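In this text the structure is predicted, and so the values were computed from the model without any measurement.
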Protein chains: 2
Amino acid sequence: MAEFSQGSFTAGAPPSKYPHRSLLERYGLRATRQRLGLARLLFSKGNRHVTADTLASEANALKMPASLATVYNVLNLFAQVGIVRGLAIEGTKTVFDTNTSDHSHFFFEDTGEIADIPLAGMKFADDVMPPEGYEIVKVDVVFRLRRKTSTNV
Amino acid sequence: MAEFSQGSFTAGAPPSKYPHRSLLERYGLRATRQRLGLARLLFSKGNRHVTADTLASEANALKMPASLATVYNVLNLFAQVGIVRGLAIEGTKTVFDTNTSDHSHFFFEDTGEIADIPLAGMKFADDVMPPEGYEIVKVDVVFRLRRKTSTNV
DNA sequence: TTACATGCAAACTGTTTGCAAATAT
DNA sequence: ATATTTGCAAACAGTTTGCATGTAA
């Protein structure tokens with residue numbers, strides 16, 4: 001039960017133990033226990049694509065309890081300030097991507113998985129004239145993949 | 001209020017009155033009253049982007065009653081056989097597009113509206129190498145639009 | 001006549017919200 | 001001390017489903 005003890009420091013409060021505290025403060029967000037925990041899950045192992053409930057179960061499995069409602073709140077908040085980015089790929093669950101740079105996605109239709117592609121969507125904005133009075137703020141590009149049928153060579 | 005009287009013919013059942021009957025038959029779908037009615041709404045006035053409930057209210061307003069469940073069934077069925085195409089743009093409601101050709105979309109963030117752009121997504125498939133064993137079956141490209149801020153010249 | 005489609009209501013999934021208790025500053 | 005955040009459960013939106021009734025073939 002101690003893999004994520006947090007809260008009571010004795011001495012000079014080790015400054016490097018909570019690397020995400022500064023991240024939160026940079027965005028003017030209060031550094032609460034669950035925000036720090038979720039930020040750690042999100043940003044400790046490379047770019048990720050999570051849904052609210054995958055992240056919640058992950059947190060709970062690691063004894064970093066956060067209610068589903070809070071996970072939603074935190075993910076929405078992070079998305080709002082730009083720490084993560086929400087994707088609407090499958091219509092149902094919202095996927096949050098920790099990679100906020102301009103890139104595209106593979107969507108594996110068989111597994112539902114999502115993978116990043118280093119292809120800037122904005123480069124396609126040149127091919128398109130936005131309607132009068134509007135500007136293109138983002139270009140979402142999703143390459144939908146199907147397992148190649150062996151008969152279909 | 002009689003723009004869609006349907007049902008009771010007297011004589012030799014005018015053959016051209018239901019142009020969508022043949023559409024349904026072409027896909028092996030039984031030509032029921034509500035399928036014909038919904039097909040008419042979908043395909044009588046150019047390309048459209050509808051949700052289940054906009055289409056249902058439209059039908060009901062025209063005295064072509066179809067329950068919401070049936071509208072869902074019919075739209076899903078049409079999408080399945082390829083008469084329409086489902087879009088996952090906003091995460092919430094599924095939008096059905098009567099234009100099944102390869103094209104892209106504008107998404108107006110202020111109004112939620114969707115508009116077609118004659119830009120084939122598949123042309124971007126050249127820039128991308130699909131993972132081993134997979135093939136790109138569709139490329140969804142959405143240009144998200146925001147109203148230009150006058151201060152932001 | 002018979003298999004299939006419809007309508008209704010109830011179930012279901014994903015997400016948001018109201019409010020009391022907990023907590024960060 | 002006080003404003004903010006959390007957790008729970010209830011509300012909510014969109015969609016699907018079970019089953020009796022209706023209907024196309």
Side-chain angles (χ1 to χ4, degrees), chain A residues 4 6-9 13 18 20-39 49-57 59-60 63-81 84 86-96 112, chain B residues 6-9 13 18 20-39 49-57 59-60 63-81 83-84 86-96 112:
Chain A
F4 198 68
Q6 176 179 272
S8 51
F9 295 100
Y18 295 101
H20 303 298
R21 169 174 283 273
S22 57
L23 169 71
L24 296 177
E25 283 167 353
R26 198 176 314 138
Y27 286 92
L29 304 180
R30 199 177 273 200
T32 67
R33 187 165 12 250
Q34 18 292 343
R35 287 180 188 169
L36 286 166
L38 296 176
H49 301 95
V50 303
T51 62
D53 53 27
T54 59
L55 189 61
S57 6
N60 292 327
K63 301 279 165 27
M64 269 190 241
S67 75
L68 185 55
T70 295
V71 174
Y72 271 107
N73 287 341
V74 171
L75 283 174
N76 285 147
L77 182 66
F78 283 8
Q80 206 172 287
V81 301
V84 300
L87 304 177
I89 288 186
E90 323 173 53
T92 53
K93 308 190 177 195
T94 299
V95 173
F96 293 88
Chain B
Q6 175 178 280
S8 51
F9 294 99
Y18 296 100
H20 304 297
R21 167 174 283 273
S22 56
L23 169 72
L24 296 177
E25 283 168 351
R26 197 176 316 140
Y27 285 92
L29 305 181
R30 198 178 274 199
T32 66
R33 186 166 10 251
Q34 20 285 58
R35 288 181 186 168
L36 286 166
L38 296 176
H49 301 95
V50 304
T51 62
D53 52 28
T54 59
L55 189 60
S57 6
N60 291 328
K63 299 279 162 36
M64 269 191 242
S67 75
L68 186 55
T70 295
V71 174
Y72 273 107
N73 286 341
V74 171
L75 283 175
N76 284 148
L77 182 67
F78 283 8
Q80 206 173 289
V81 301
I83 300 182
V84 299
L87 304 177
I89 288 185
E90 326 172 50
T92 54
K93 308 190 178 196
T94 299
V95 174
F96 293 88

Using a 4.0 Å heavy-atom cut-off, write out nucleotides 19-25 of chain D from 5' to 3' as B (base contacted by protein), S (sugar-phosphate only) or - (no contact).
----SBS
Check the pair B:I83 / B:L29 against side chain to side chain contact (heavy atoms under 4.5 Å, CB included), numbers first and verdict last.
CA-CA 11 Å; B:I83 300 182; B:L29 305 181; 4.1 Å; yes
Mind calculating the distance between NZ (A:K93) and P (D:dT15) to the nearest angstrom?
16 Å
Do you know which two heavy atoms are closest between B:R35 and B:V74, and how far apart they sit?
CG-CG2, 3.9 Å
Could you list all N or O pairs between the protein and nucleotides 16-20 of chain C that sit under 3.5 Å apart?
unit_1: C:dT16; atom_1: OP2; unit_2: A:N76; atom_2: OD1; d: 2.9

Write down the distance between CG (B:N60) and P (C:dG7), rounded to a whole number of angstrom.
9 Å
Give me the atom names and distance for the closest heavy-atom approach of A:F96 to A:G86.
CD2-CA, 4.1 Å
Quickly work out the A:I89 CD1 to C:dG14 P distance and round it to whole Å.
16 Å
Roughly how many Å is it from CD in A:Q34 to P in C:dA22, rounded to a whole number?
13 Å
B:L75 has an atom CG; how far is it from atom C1' of D:dG14, in whole Å?
13 Å
Please determine if a side-chain N or O atom of B:T70 lies less than 4.0 Å away from the OP1 or OP2 oxygen of C:dT6.
no
Smallest heavy-atom separation, B:A66 atom then B:N60 atom, equals N-OD1, 3.4 Å
Report the end-to-end axis angle of the helix from C:dT1-D:dA25 to C:dT25-D:dA1; each axis comes from five terminal pairs, and the value is rounded to 10°.
30°
Can you tell me how far CG of A:L68 sits from CG of A:N73, rounded to the nearest 0.5 angstrom?
9.5 Å
Walk me through whether A:F78 and A:L24 qualify under side chain to side chain contact (heavy atoms under 4.5 Å, CB included).
CA-CA 9 Å; A:F78 283 8; A:L24 296 177; 3.7 Å; yes
So, is A:T94 near the phosphate of C:dT15, with a side-chain N or O under 4.0 Å from OP1 or OP2?
yes
Roughly how many Å is it from CG in B:L55 to P in D:dT15, rounded to a whole number?
12 Å
Quick one: are A:L75 and A:L55 in side-chain contact, heavy atoms under 4.5 Å?
yes
Non-hydrogen atoms of B:A52 and B:V71 that approach each other most closely
O-CG1, 3.4 Å
Of all heavy-atom pairs linking A:A31 and A:L36, the shortest is O-CD1, 4.1 Å
Short side-chain N/O contact to C:dG14 OP1/OP2 from B:T92, under 4.0 Å:
no
Using whole Å, report how far NE2 of A:H20 lies from P of C:dA24.
18 Å
Identify the two heavy atoms, one from B:H20 and one from B:A39, that lie closest to each other, and give their separation to 0.1 Å.
CB-CB, 3.8 Å
Integer-rounded Å distance: C:dG7 C1' and B:R35 CZ
14 Å
Within a strict 4.5 Å, meaning less than it, do heavy atoms of the A:T54 and A:K93 side chains meet?
no
